[in-house]
4 protein chains.
Amino acid sequence: MTGPGRGRPRSEAVHRAVLSATCELVEEVGYERLSIEGVAARAGVGKQTVYRRWAGKSALVTEAVLTGRLAVPDQTVRDTGDLRADLLLWLQALVGLLGQEATASLVRATASAAADDADAAGELYARFTGPLHATLVDRLAAGVDVGQVRPGADLSAVADALIGAPLYRVLARAEPVTTSGTEDLLDALLTGLSPLPPGVPAEGIDRR
Amino acid sequence: MTGPGRGRPRSEAVHRAVLSATCELVEEVGYERLSIEGVAARAGVGKQTVYRRWAGKSALVTEAVLTGRLAVPDQTVRDTGDLRADLLLWLQALVGLLGQEATASLVRATASAAADDADAAGELYARFTGPLHATLVDRLAAGVDVGQVRPGADLSAVADALIGAPLYRVLARAEPVTTSGTEDLLDALLTGLSPLPPGVPAEGIDRR
Amino acid sequence: MTGPGRGRPRSEAVHRAVLSATCELVEEVGYERLSIEGVAARAGVGKQTVYRRWAGKSALVTEAVLTGRLAVPDQTVRDTGDLRADLLLWLQALVGLLGQEATASLVRATASAAADDADAAGELYARFTGPLHATLVDRLAAGVDVGQVRPGADLSAVADALIGAPLYRVLARAEPVTTSGTEDLLDALLTGLSPLPPGVPAEGIDRR
Amino acid sequence: MTGPGRGRPRSEAVHRAVLSATCELVEEVGYERLSIEGVAARAGVGKQTVYRRWAGKSALVTEAVLTGRLAVPDQTVRDTGDLRADLLLWLQALVGLLGQEATASLVRATASAAADDADAAGELYARFTGPLHATLVDRLAAGVDVGQVRPGADLSAVADALIGAPLYRVLARAEPVTTSGTEDLLDALLTGLSPLPPGVPAEGIDRR
DNA sequence: TGCTAACCGAGACGGTACGTCCTGTCTTCCC
DNA sequence: GGGAAGACAGGACGTACCGTCTCGGTTAGCA
């Protein structure tokens with residue numbers, strides 16, 4: 001009875017309409033006040049159409065966030081050979097995104113979705129923060145290979161800090177997230193990671 | 001007519017019962033599925049009694065978290081003169097708390113409450129993460145005074161990283177938060193913050 | 001915990017508003033297309049308020065019908081000593097009611113409610129058709145006492161016919177219910193019920 | 001383009017499957033809770049196939065009832081020359097059917113369908129109760145011809161009573177419909193309809 | 001000792017949203 | 001073209017909570 005290609009196929013346009021309505025509403029009212037009913041109405045779609053595709057609010061927001069504004073830009077760290085420059089570029093791009101209220105709303109919604117539902121948290125980790133984290137670790141590991149980073153350091157913990165610091169600032173909402181301090185944090189970490197040659201020659205610290 | 005002390009005074013016991021019911025329910029079902037009605041029922045209290053004292057779910061959870069398990073322990077950083085040991089002690093205490101599922105739930109609820117309501121975020125910052133952040137900055141500044149930390153570094157950004165790294169791990173829910181990597185992160189940061197050893201050229205560190 | 005007089009008392013006005021909205025909607029759209037949601041909206045009331053008081057559509061319609069237009073008039077058969085006149089008066093009043101579209105709608109809704117739900121059917125029988133039927137049987141029995149009706153006849157079956165005949169015409173919807181035939185039916189039944197006149201051969205009446 | 005015999009002819013088997021699924025479901029859940037979707041699923045048929053052939057629930061149930069169990073038996077009144085015996089046979093057959101819960105369900109559904117939709121009521125009258133009523137009137141009229149029934153009586157009203165009395169009992173659901181009273185009702189009516197025997201004084205008929 | 005005000009539990013109130021089911025229409029592939 | 005499958009917009013279902021309100025019944029300070 002049931003099989004592939006049976007019945008009317010699901011509409012791509014509907015999928016997109018629902019996701020973009022979700023993004024809009026997340027930015028406007030936040031995760032808590034987001035309702036499936038509101039999303040369906042905004043997208044001009046029946047509620048069942050939403051429930052047919054997503055298990056609930058957390059899954060919907062997860063996919064909306066993943067395919068929306070937060071999708072691409074910060075998951076790649078370039079490798080130009082200059083570790084500090086590469087990380088700084090990435091970090092400033094991230095901070096630039098988080099400085100915009102729209103993006104900050106999405107990140108807060110992401111945190112709420114992850115808090116709401118362990119499955120959504122897993123999905124978000126698998127497709128968003130996980131790859132991002134891995135990318136950072138990879139770039140740092142490449143730094144190890146070329147002697148810019150001391151071997152043996154826990155690169156994962158460093159990546160946690162690079163992601164966690166701006167995340168904390170967004171969630172705390174104490175002040176708009178700016179690039180201030182970005183460079184200092186990066187330098188502190190990189191200096192700490194730099195290989196210590198005997199006698200600490202200048203080139204041991206200077207990783208440019 | 002109306003004045004202070006007129007009428008029946010608000011019951012302290014009720015206050016405590018509501019807050020502890022809130023904590024229990026946050027741990028059991030999380031912020032999203034927490035309802036005022038459920039809290040009132042668990043506390044054996046009328047709904048009005050809750051609404052009389054708190055503006056809403058975010059305010060209630062905020063106070064519950066602030067007066068509950070997360071209240072005291074991690075807001076103090078000792079100063080024994082050994083910066084690394086002091087920070088490590090604090091960091092490991094924090095990580096130990098976050099490793100418990102009950103505490104992790106509270107932190108996730110805190111993030112949700114802050115995402116839900118800017119007022120609650122402000123309150124949480126003013127009474128929780130703000131002081132904690134300030135305490136870290138103070139301890140680092142004391143390290144500057146005794147020559148353990150290079151002057152001029154953005155200590156606030158470092159504190160962001162010390163708070164943000166474990167926070168990220170709790171929210172990402174990828175794996176239970178453990179002390180693994182804690183020391184490495186701290187060492188990386190502190191090494192980076194350490195004063196220049198003699199003979200290291202200034203431009204090797206100060207990039208501004 | 002739960003007890004009488006605890007909490008805010010239920011509003012009488014709300015009760016009436018819901019019942020009269022129900023009657024209006026039954027007349028406008030019929031039982032099938034009546035929705036609790038529509039009733040609540042028309043009555044300016046929350047859905048929960050309806051569900052708090054009635055178990056469902058059938059119970060709601062049952063009470064609406066019982067307390068509304070169908071309530072009083074046709075449940076009494078006068079006893080003036082003249083059986084034919086009393087029954088004719090009652091029957092014509094009933095037929096007059098059923099001839100109005102509004103009343104006919106209520107009766108059709110009553111039949112639908114009884115068909116929908118055995119509990120509602122029981123309630124309707126206990127409070128509406130049952131008493132009406134009993135009233136007819138009583139009046140006929142009084143006729144037996146004064147010698148207007150032959151003893152031994154199944155008065156209940158006759159009452160069934162007096163109620164069922166107009167009921168059938170309303171439900172069949174073949175033509176508006178009018179008084180035509182009313183008198184003839186009554187005469188046929190009453191003649192059949194009359195005591196044997198002296199000299200009439202037994203087999204002329206008793207066919208058993 | 002479109003014309004008779006174009007394309008695949010409609011399947012007879014499908015028609016029957018849908019109608020018998022409808023009958024089953026009417027008996028199981030009643031008219032109100034019957035859904036087209038449920039019928040289609042039970043019949044193993046697409047919804048469109050149902051909508052292509054019937055205008056809606058009322059039309060579907062109408063046809064299901066008309067072609068099903070209620071179809072044949074009670075629409076014929078034999079004429080053996082003995083009016084009482086013929087009517088009694090028919091009436092007892094009818095009451096026998098209504099005494100079965102399955103048939104009673106169908107009758108209740110018929111009433112609901114007629115209440116739901118005037119078109120269905122018309123169809124039901126034209127093909128079911130109308131012919132049945134006509135058949136009764138015909139048999140009574142034949143009784144007039146052979147002198148068993150007094151001329152001039154409103155035979156239609158009598159037929160209403162013969163149909164309406166058991167109908168009322170089914171709808172009222174007060175007790176299972178049995179043959180008790182059947183004979184008494186019939187005798188009362190037939191006596192009332194019987195021609196005046198010669199020599200019976202006027203007051204013998206005058207039922208006051 | 002009695003008055004008045006505020007608190008308290010309970011729970012009804014008008015609403016919003018939930019997640020499910022069904023309606024009647026449509027679109028796809030298959031016969 | 002008919003037919004099974006199933007997506008679609010829409011709407012109602014019955015439930016859970018929202019935040020407000022109104023009850024009867026405390027529990028205090030003030031007269």
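Naming convention: chains lettered A, B, ... in sequence-line order (proteins, then strands); numbering from 1 in each chain.
- Here the straight-line distance linking atom CG of Leu34(A) with atom OG of Ser112(A) works out to 10.5 Å at 0.5 Å rounding.
- Between Arg108(B) and Glu101(B), at least one side-chain N (NZ, or NE/NH1/NH2) sits under 4.0 Å from a carboxylate O, which counts as a salt bridge.
- The nearest whole Å value for the distance from the CH2 atom in Trp54(B) to the P atom in dC18(F) is 15 Å.
- Both Ser35(C) and Val45(D) sit near DNA chain F, but only Val45(D) has its closest nucleotide nearer the 5' end.
- Among the protein residues, Gly56(A) comes within range of no part of the nucleic acid, since none of its heavy atoms lies under 4.0 Å from any strand.
- Taking atom NZ on Lys57(A) and atom P on dG19(E), their separation rounds to 9 Å, with Å as the unit.
- Looking at Lys47(C), its side chain comes within 3.5 Å of the base of dG14(F) through a donor and an acceptor atom.
- Each of Gly7(A) and Ile36(C) was assigned the nucleotide of DNA chain F with the nearest heavy atom; the assignment lying further toward the 5' end belongs to Gly7(A).
- In this structure, CD of Glu37(B) is placed 13 Å from C1' of dT20(F), rounded to the nearest angstrom.
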Inset, instruction - Begin with the C-alpha distance, continue with both residues' side-chain angles, and end with the deciding distance and a verdict on salt bridge (Lys or Arg N to Asp or Glu O under 4.0 Å) for Arg53(C) and Glu63(C). - result: CA-CA 11 Å; Arg53(C) 295 164 188 243; Glu63(C) 183 166 343; over 6 Å; no

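- Position along DNA chain E of the nearest nucleotide to Gly44(B) versus Pro9(A) favours Gly44(B) as the more 5'-ward residue.
- For dC23(F), its base never sits under 3.5 Å from the side chain of Arg8(C) at any donor and acceptor pair.
- Regarding contacts with the backbone of dA12(E), a side-chain N or O of Arg52(C) is found under 4.0 angstrom from either OP1 or OP2.
- For a distance-only test at 3.5 Å, the side chain of Arg6(A) fails to qualify as a donor-acceptor partner of the base of dC29(E).
- Arg53(D) comes within 4.0 angstrom of sugar-phosphate atoms only, judged by non-hydrogen atoms across all strands, and of no base.
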Inset, instruction - Could you check Leu60(A) against Leu19(A) for side chain to side chain contact (heavy atoms under 4.5 Å, CB included), going step by step and ending with a plain yes or no? - result: CA-CA 7 Å; Leu60(A) 175 57; Leu19(A) 289 179; 4.1 Å; yes

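- In this structure, OH of Tyr51(B) is placed 18 Å from C1' of dC7(E), rounded to the nearest angstrom.
- Regarding Arg33(A), its CZ atom lies at a distance of 13 Å from the P atom of dC18(F), rounded to whole Å.
- A straight line from CD of Glu32(C) to P of dC13(F) spans 11 Å, rounded to a whole angstrom.
- Within the structure, every side-chain polar atom (N or O) of Ser11(C) is placed at least 4.0 Å from both OP1 and OP2 of dA12(E).
- Arg10(C) places its CZ atom 15 Å from the P atom of dC23(F), with the value rounded to the nearest Å.
- If you check distances only, the side chain of Gln48(A) does reach the base of dC21(E) with a donor-acceptor pair under 3.5 Å.
- The nearest heavy atom of DNA chain E to Gly38(D) and to Thr49(C) marks one nucleotide each, and the one closer to the 5' end goes with Thr49(C).
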Inset, instruction - Could you go through the salt bridge (Lys or Arg N to Asp or Glu O under 4.0 Å) check for Asp116(D) and Arg33(C) one step at a time? - result: CA-CA 8 Å; Asp116(D) 182 15; Arg33(C) 267 172 293 280; 3.2 Å; yes

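- Between the CG atom of Leu34(C) and the P atom of dG11(F) there is a distance of 17 Å, rounded to whole Å.
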